[in-house]
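In what follows, a single structure is set out as structure tokens and then discussed.
All chains are named by letter (A, B, ...) in the order of the sequence lines, taking the proteins before the strands, and each is independently numbered beginning at 1. Computed over heavy atoms, backbone and side chain alike; hydrogens, waters and symmetry mates excluded.
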Amino acid sequence: MAAEKQFAYDGLAMAQVRVRFAPSPTGYLHVGGARTALFNWLFARQQGGVFLLRIEDTDADRSRPELTEAVLEGLRWLELDWDEGPYHQSERLPLYRAVADRLRAGGHAYPCFCKPEELEQRRQAAEKTGKPWKYDGRCRALTEADIKARAGQPHALRFRVPEGGETSFDDVVYGQVSVSHDEIEDFVLLRSDALPTYHLGVVADDLDMRITHVIRGADHLSNTPKQILLYRALGETPPVFAHAPLILGPDRTRLSKRHGATSVTAYGEEGFLPEAFRNFLALLGWSPGEDTELMPTEELVRRFRLENVGRTNAVFDRSKLEWFNGEYLRTQPLARLLSYVEAELRRQGLWRDEWGPEASGRDWFLRAVEMLRPRVRLLADFSQWARAFFSDAFDYDPEAVKKFLRDDRLVELLPQVQEALAGLQEWTHDEIERAVRGVAERAGVKAALVINAARVGVTGQAVAPPLFTTMELLGQKTVVSRLQRLVNQLPALTR
RNA sequence: GGCGCCAUGGUGCAACGGCUAGCACGGCAGUCUUUCAAGCUGCAGAUCCGGGUUCGAUUCCCGGUGGCGCUACCA
């Protein structure tokens with residue numbers, strides 16, 4: 001917090017916090033980006049600050065609008081709303097050129113006429129001799145006359161890194177980080193097509209947008225000194241930096257397609273709740289400092305501290321994410337959960353209007369969801385595992401068949417169960433139980449035998465909510481006809 | 001290769017230099033039950049290695065090892 005106070009902007013005693021999420025449009029919002037966005041968002045919301053979005057699309061082939069749209073979609077799914085933007089760097093080119101001019105005027109930048117191919121050659125030559133390559137500064141010493149003479153020739157603009165010494169900064173997460181100037185080459189600011197490179201773009205924009213805190217992935221840690229150098233050369237005060245550790249796949253390498261779902265939107269499609277996802281993501285690299293883990297978003301906002309962000313890379317553990325999701329599925333206010341379930345059923349074409357808010361079957365729908373939710377981990381479970389609750393068109397799970405339908409006695413027993421249930425005058429839990437258990441008793445078999453078999457017949461699954469409650473909910477007609485169906489198919493199923 | 005950063009059970013996180021290193025996920029076992037992926041109970045499992053500093057290091061320092069990142073006219 002001390003660090004937060006020492007930077008005042010535009011003469012304000014206490015500047016308003018302004019943070020940004022600045023993805024390059026890759027066509028999707030991946031988990032790492034999502035976590036960065038979340039940290040920025042949490043911090044902004046907590047500080048009453050501004051969270052803005054900036055698209056870093058100075059690279060020509062990244063400026064296709066649909067690539068950006070996919071990133072925005074990910075943010076929307078995560079429900080991370082932004083206050084400004086999205087700004088597009090591709091639309092702010094004059095700013096970068098102006099900043100480049102300032103640098104050039106101050107003697108901090110110089111034109112470089114080396115051709116990329118030549119550089120590549122010199123680099124390879126150097127590497128062959130085992131020497132670490134760094135731009136050799138060939139154009140550094142060009143005089144104004146040299147430059148004038150070559151005017152019109154294609155050239156890049158390079159930053160003049162001070163000779164000797166080092167640059168260090170105080171990262172909120174990583175502490176003091178220093179890099180010797182010997183390690184930093186005269187990097188390119190403007191490419192020969194006059195488009196800015198990343199370093200010039202971020203610094204110019206963060207300055208122009210009055211960003212107070214740069215919260216981003218640790219992959220930018222090593223590059224930060226270059227940016228500090230730029231701030232200094234411009235005579236500007238750098239923002240506060242806070243780098244968050246990287247998120248890795250289960251094999252401890254960078255998260256990629258290999259590791260399954262790479263876009264957060266894909267997690268949405270799989271049936272994860274945004275709030276559960278946020279909770280899980282927040283705990284990847286951050287901890288409230290004690291053992292609490294389940295925290296609704298408001299609490300995350302309240303407790304988030306940049307100084308409690310850790311420094312070690314974290315592995316994305318899907319099974320824990322699933323646990324979080326199950327936890328939220330179970331504890332979510334029912335009304336809210338219903339709309340998620342409705343969306344899921346609609347996606348799968350299982351939705352019926354009679355279950356709608358004011359409709360006649362609403363109460364039934366509510367009971368079904370309430371009954372199902374203790375054993376669900378993904379929204380998709382409602383349409384897959386629990387499909388039989390919402391549709392007559394379901395298959396018998398082969399495992400369930402193997403486990404509960406093998407017994408020969410069922411050929412005799414199931415028709416009896418069906419008959420007993422068909423004859424019931426009152427369709428209540430207790431009456432159903434009496435009827436089913438009665439069949440087992442008269443046959444001298446354990447009740448579990450018929451119960452388990454009937455469960456498969458009625459739900460298609462080995463696992464489902466308690467059978468008699470399930471039957472009561474589904475209704476006599478449905479249950480009886482499903483048992484009839486099972487009786488018919490039994491020989492074929494168990495053959 | 002050079003530079004930077006990091007290092008607590010399989011995974012995510014805790015532990016003013018001081019109890020038998022805590023919690024959660026996962027695993028295993030038991031229990032409840034009509035099924036369990038729900039509940040409850042229990043068990044196994046970690047301070048990377050080596051030196052220092054200290055009465056005492058998970059914690060501080062140095063070295064090693066390992067991992068990750070950066071090293072582009074990508075971002």
Worksheet item: Are A/Arg437 and B/U34 close enough that a side-chain N or O sits under 4.0 Å from OP1 or OP2?
Response: yes
Fill in: Pair A/Ser383, A/Glu344: side-chain N/O donor-acceptor within cut-off below 3.5 Å
yes
Worksheet, complete the sentence: Rounded to whole Å, CZ of A/Phe187 lies from C1' of B/C74 at a distance of 15 Å
Worksheet item: Mind checking the P distance from B/C61 to B/G4? Whole angstroms is fine.
Response: 16 Å
Worksheet item: Does B/G30 have a Watson-Crick or wobble mate here (both distances under 3.5 Å), and if so which one?
Response: B/C40
Discussion item. Checking A/Ser263 against A/His30: is there a side-chain donor and acceptor pair closer than 3.5 Å?
Written reply: no
Discussion item. Need one value for A/Cys112: base, sugar-phosphate or nothing, where a base atom within 4.0 Å counts as base even if backbone is also close, heavy atoms only.
Written reply: nothing
Discussion item. Suppose you measure atom P in B/U41 against the same atom in B/G51; what distance do you get, rounded to whole Å?
Written reply: 43 Å
Worksheet item: In whole angstrom, what separates A/Arg377's CZ from B/G26's P?
Response: 5 Å
Discussion item. Under a plain distance cut-off of 3.5 Å, with no hydrogens placed, do A/Tyr110 and A/Asp186 share a side-chain donor-acceptor pair?
Written reply: yes
Response to the item:
Winner on side-chain proximity to A/Asp317, out of B/U11, B/C6, B/A37, is B/U11
Response to the item:
5'-most contact on RNA chain B (nearest-nucleotide basis), A/Arg311 vs A/Thr292, goes to A/Arg311
Worksheet item: A/Ser180 side chain N/O closer than 4.0 Å to the phosphate oxygens (OP1, OP2) of B/C3?
Response: no
Worksheet item: Expressed in whole Å, how much space separates the C1' atoms belonging to B/U8 and B/C23?
Response: 13 Å
Worksheet item: Would you say the base of B/C36 and the side-chain of A/Arg375 have a donor-acceptor pair closer than 3.5 Å?
Response: yes
Worksheet item: Between A/Arg35 and B/G12, is there a side-chain N or O to OP1/OP2 distance below 4.0 Å?
Response: no
Discussion item. Is A/Arg252 close enough to B/G12 that one of its side-chain N or O atoms is under 4.0 Å from OP1 or OP2 there?
Written reply: yes
Worksheet entry | Rounded interatomic separation in angstrom, taking CG from A/Leu294 and P from B/C25 | 9 Å
Item to complete: Could you tell me whether the side chains of A/Gln153 and A/Arg150 share a donor-acceptor contact shorter than 3.5 Å?
Response: yes
Discussion item. Can you see if the side chain of A/Arg123 gets near the phosphate of B/C73 - specifically, an N or O under 4.0 Å from OP1 or OP2?
Written reply: yes
Item to complete: Pick base, sugar-phosphate or nothing for A/Gly285, based on heavy-atom distances below 4.0 Å to the nucleic acid.
Response: sugar-phosphate
Item to complete: May I ask you to verify if any side-chain N or O of A/Ser222 is less than 4.0 angstrom from the OP1 or OP2 atom of B/U71?
Response: no
